[in-house]
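Pasting a structure below so you can have a look.
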Amino acid sequence: MPASHFLHQLQLCARRRTPSTAKRLHAQLIKTALHLCVPLPNTLLDTYGKCGLVEDALHLFDEMPHRDHVSWASILTAHNQANMPHRTLSMFPAMFESDGLQPDHFVFASVVKACSSLGAVRQGKQVHAHFFLSPFCDDDVVKSSLVDMYAKCGLPDNARAAFDSILSKSVISWTAMISGYARSGRKSDAFEMFESLPIKNLFSWTALISGLVQSGHSVDAFYLFIEMRREGVHIVDPLVLSSIVGACANWAVLELGKQVHSLVIRLGYESCLFISNALVDMYAKCSDILAAKYIFGRMHRRDVVSWTSIIVGAAQHGQAEKALSLYDEMVAVGIKPNEVTFVGLIYACSHVGLVSKGRALFRSMIEDYGISPSLQHYTCFLDLLSRSGHLGEASNVIDSMPFDPDEPTWAALLSACKHHGDTQMGIRVADHLLSLKPEDPSTYILLSNVYAGARMWENVAEVRKLMAAGEVKKKPGYSCIDIGKETQVFYAGETSHPMKDEMFSLLKELDAEMRRRGYVPDSSFVLHDMEHQEKERQLFWHSERLAVAYGLLKAVPGTVIRIVKNLRVCGDCHTVLKFISSIVKRDIVVRDATRYHHFSSGQCSCNDFW
DNA sequence: AGCGGTTGCC
């Protein structure tokens, strides 16, 4: 059998990604002594990498008596493909230290790619300098990878500089730049460049659409997707579908999400792993946790992302016990949790007040799985401690953690201070928060709520003055409700709605019934030091109540009423929604800025813990 | 000769 035959077979195997064939070919090479024939070991390395057998590739690499540039490029690429960019970077120095070789353009491309997956700007810049001074400094492919690296590191202008230096621009370099702009939220730059593209393939559309979803422009992404369908672009790769399912999730539009789901089925991608994962997440975020569980239950293959999606979903819907039992099941079937799984788990504990369980999980993450806690983990953990009233311990964690707490962390702590009536600590925390984000109105609102809860009206007035002086305006609260094809948006105190009379009399009727059942309005959630009755009137017109009233009047009787709110539900509305769910015997689901509330028969899934 | 750069889910 000639060497060229094996070369061909190996390349075929790399394309088809069949690991068993790769191993068989390796055995045959050894039997025929061709494993020493020069191009073959390198091709075998590449084939192992493409078939997902990095460890085999690495073993072969270590045994190779003569390694050249190609061997290095192949082994580094194999680690990138196995999602191990860390190893790519840690191995790289041995190329000159052990083998005395300088990187070529292939090696540069792989190393830059590793930097971009890690978001490692500093190392990326070093490699850039190295490349710039090398004999390969004109290579356009490396420049394309630099575009991507800078874009992923959040430096779109550096990406643009690298892009402009490309001598002959390809679809790939254009796509990298468009995706970079879109991901960085530079919408108009992304659109402008996309329009100027002479040929647009599925890749270019996908890059723009997914970049927009990542930067929070889900609506733009959706319109673009519709335009792409109109242009008749064939969806031969489902990646764009996962982005658009993600757009529905971020946007929390269940009806549209269902339509996209049906499109996924029509195109034949429903059993694709990462599409199913995206669907589980979408249904959970669109507040239909039952549908999320249904999809999860029917998946024949589940990876760590599938499990994490359903665990996070259950946690956000207040089903902490379910999240924790899913975790046990996941570990039992041999799936290793990752850093996101622990965010979901600690979050779950936080929302039912399972303090010691949460502490144990936080420790297990570090000790059993070697995951060093990120700021997000600390945020969840601090939330757990502070919600349950362990404010002192929370304070100690802040002092000892290797991060400066960010604004959401201080905000969570501040809201816990309000909840537990610790005014002194609340004021200290608010000071930190104000120094971090002096322009953010939510800080002032929280601080003034701390004062209001303690009935310190003069201080409330002081905060209001500060707000007025800094021209900080309270972000208007609004609630959306989806009824079949139409979406209605309600602002607090809205009085111009065509159905306002019916809504008003319904709310009044419900109010009377609630008071018969023992409801007492809690006006500590209203800012001003005004007359008691006026405060109650303000609460009465909160946007979530208007949306519920509208839903009760317009939605199909017996169906779940789903509301999306931009801010957090206030404590009084929370009480009211519990009453309403039991009076009208309807389930109400509210997705607010931080979590989900399922109101049913007078109870809420969050156990009044938010 | 054999090796590289663009799109995704928690």
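Throughout, protein chains are lettered first and strands after them, A, B, ... in sequence-line order, and every chain is numbered starting at 1. Worth knowing before you read on, the calculation uses all heavy atoms, side chains too, and leaves out hydrogens, waters and symmetry mates.
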- Describe the nucleic acid contact of A:V240 in one word from base, sugar-phosphate, nothing, applying a heavy-atom distance below 4.0 Å. nothing

- Report yes if the distance between the aromatic ring centroids of A:F381 and A:H377 is under 6.0 Å, otherwise no.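 Not close enough - the centres of the two rings lie 6.0 Å or further apart.
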
- Query: With no angle test and no hydrogens, is the base of B:dG4 tied to the side chain of A:D104 by a donor-acceptor pair under 3.5 Å?
  - Reply: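 In this structure, the two groups form no donor-acceptor pair.
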
- Message: Under 4.0 Å, counting only non-hydrogen atoms across every strand here, what does A:T206 touch: a base, just sugar-phosphate, or nothing?
- Response: base

- Message: Is it the case that B:dG5 (base atoms only) and A:S170 (side chain only) share a donor and an acceptor within less than 3.5 Å, ignoring hydrogens and angles?
- Response: yes

- Query: When the distance from CG of A:N42 to C1' of B:dA1 is rounded to whole Å, what number comes out?
  - Reply: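 Distance, rounded to whole Å: 10 Å.
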
- Message: As a test of reading the structure: which of B:dG2, B:dC3, B:dG4 is closest to the side chain of A:A109, going by heavy atoms?
- Response: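 In terms of side-chain proximity for A:A109, the closest of B:dG2, B:dC3, B:dG4 is B:dG4.
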
- Task: Please state whether the base of B:dT6 and the side chain of A:T175 form at least one donor-acceptor pair under 3.5 Å?
- Result: yes

- Write down the distance between CZ (A:R301) and C1' (B:dC9), rounded to a whole number of angstrom. 13 Å

- Closest to the A:Q11 side chain, choosing from B:dT6, B:dG5, B:dC3: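 Of B:dT6, B:dG5, B:dC3, B:dC3 is nearest to the side chain of A:Q11.
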
- Measure from the side-chain heavy atoms of A:K50 and tell me the nearest of B:dG4, B:dC9, B:dT7. B:dG4

- Nearest-angstrom distance from the residue atom CD1 of A:I199 to C1' of B:dT6: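 That distance rounds to 14 Å.
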
- Aromatic ring of A:F203 stacked on base six-ring of B:dT6, 5.5 Å, 30°: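 Yes; by the centre-distance and plane-angle rule, A:F203 counts as stacking on B:dT6.
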
- Query: With a 4.0 Å cut-off on heavy atoms, is A:E339 in touch with a base, just the backbone sugar-phosphate, or nothing at all?
  - Reply: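 No contact.
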
- Message: For a quick check of understanding: with a heavy-atom distance under 4.0 Å over all strands, which category does A:V112 fall into, base, sugar-phosphate or nothing?
- Response: nothing

- Considering only heavy side-chain atoms of A:F274, the closest of B:dC10, B:dC9, B:dG2 is B:dC9

- Do we count A:F106 as stacking onto B:dC3 if the rule is ring centres under 5.5 Å and planes under 30°?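 Yes.
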
- Please state whether the rings of A:F131 and A:H128 are parallel, tilted or perpendicular, taking 30° and 60° as the class boundaries. tilted

- Note on the structure: When rounded to whole Å, the CZ to C1' distance for the pair A:F61 and B:dC3 reads 12 Å

- Message: Taking only side-chain N and O atoms of A:K152, does any of them lie within less than 4.0 angstrom of OP1 or OP2 on B:dG5?
- Response: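 A:K152 to B:dG5 OP1/OP2: no side-chain N or O under 4.0 Å.
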
- Whole-Å distance, A:D68 CG to B:dG4 C1', equals 15 Å

- Please report, rounded to the nearest Å, how far the P atom of B:dC9 is from the CE atom of A:M282.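 My rounded result for the distance is 14 Å.
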
- Message: Quick check for you: among B:dG5, B:dC10, B:dT7, whose closest atom lies nearest to any side-chain atom of A:D281?
- Response: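 For the A:D281 side chain, the nearest candidate turns out to be B:dC10.
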
- Contact class for A:D303 vs. all strands (heavy atom < 4.0 Å): base, sugar-phosphate, or nothing? nothing

- Name the nucleic acid region contacted by A:R302, choosing base, sugar-phosphate or nothing; use a 4.0 angstrom heavy-atom cut-off, strictly under. nothing

- Query: Whole Å only: how far is the CG atom of A:L10 from the P atom of B:dA1?
  - Reply: 18 Å

- Please report, rounded to the nearest Å, how far the C1' atom of B:dG5 is from the CZ atom of A:F163.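 Rounded to the whole Å, the gap is 13 Å.
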
- Item | Check: A:W307 ring centre within less than 6.0 Å of A:Y327 ring centre | no

- Just checking A:N80: base, sugar-phosphate only, or nothing, at a heavy-atom cut-off of under 4.0 Å? nothing

- Item | A:K285 side chain, from C-beta outward: closest of B:dG5, B:dC10, B:dG2 | B:dC10

- Query: Is the shortest distance from a Lys or Arg side-chain nitrogen in A:R186 or A:D157 to a carboxylate oxygen in the other one below 4.0 Å?
  - Reply: yes

- Please say which of A:F362, A:Y369, A:Y378 ends up in a ring pair (Phe, Tyr, Trp, His ring centres under 6.0 Å) with A:F342. A:Y369

- So A:H317 and A:Y596, would you call those rings parallel, tilted or perpendicular, with 30° and 60° as cut-offs? parallel

- Message: Taking the basic N atoms (NZ, or NE/NH1/NH2) and the acidic carboxylate oxygens, is any pair closer than 4.0 Å for A:K113 and A:D148?
- Response: no

- Task: Look at the side chain of A:S144 and the base of B:dG5, then say whether one donor and one acceptor between them are separated by less than 3.5 Å.
- Result: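 Under the 3.5 Å cut-off, the side chain and the base do form a donor-acceptor pair.
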
- Item | Out of B:dC10, B:dC3, B:dG5, whichever nucleotide has its closest atom nearest the side chain of A:K113 | B:dG5

- Task: Look at the side chain of A:D140 against the base of B:dG5 and say whether a donor-acceptor pair falls under 3.5 Å; ignore hydrogens and angles.
- Result: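 No pair found.
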
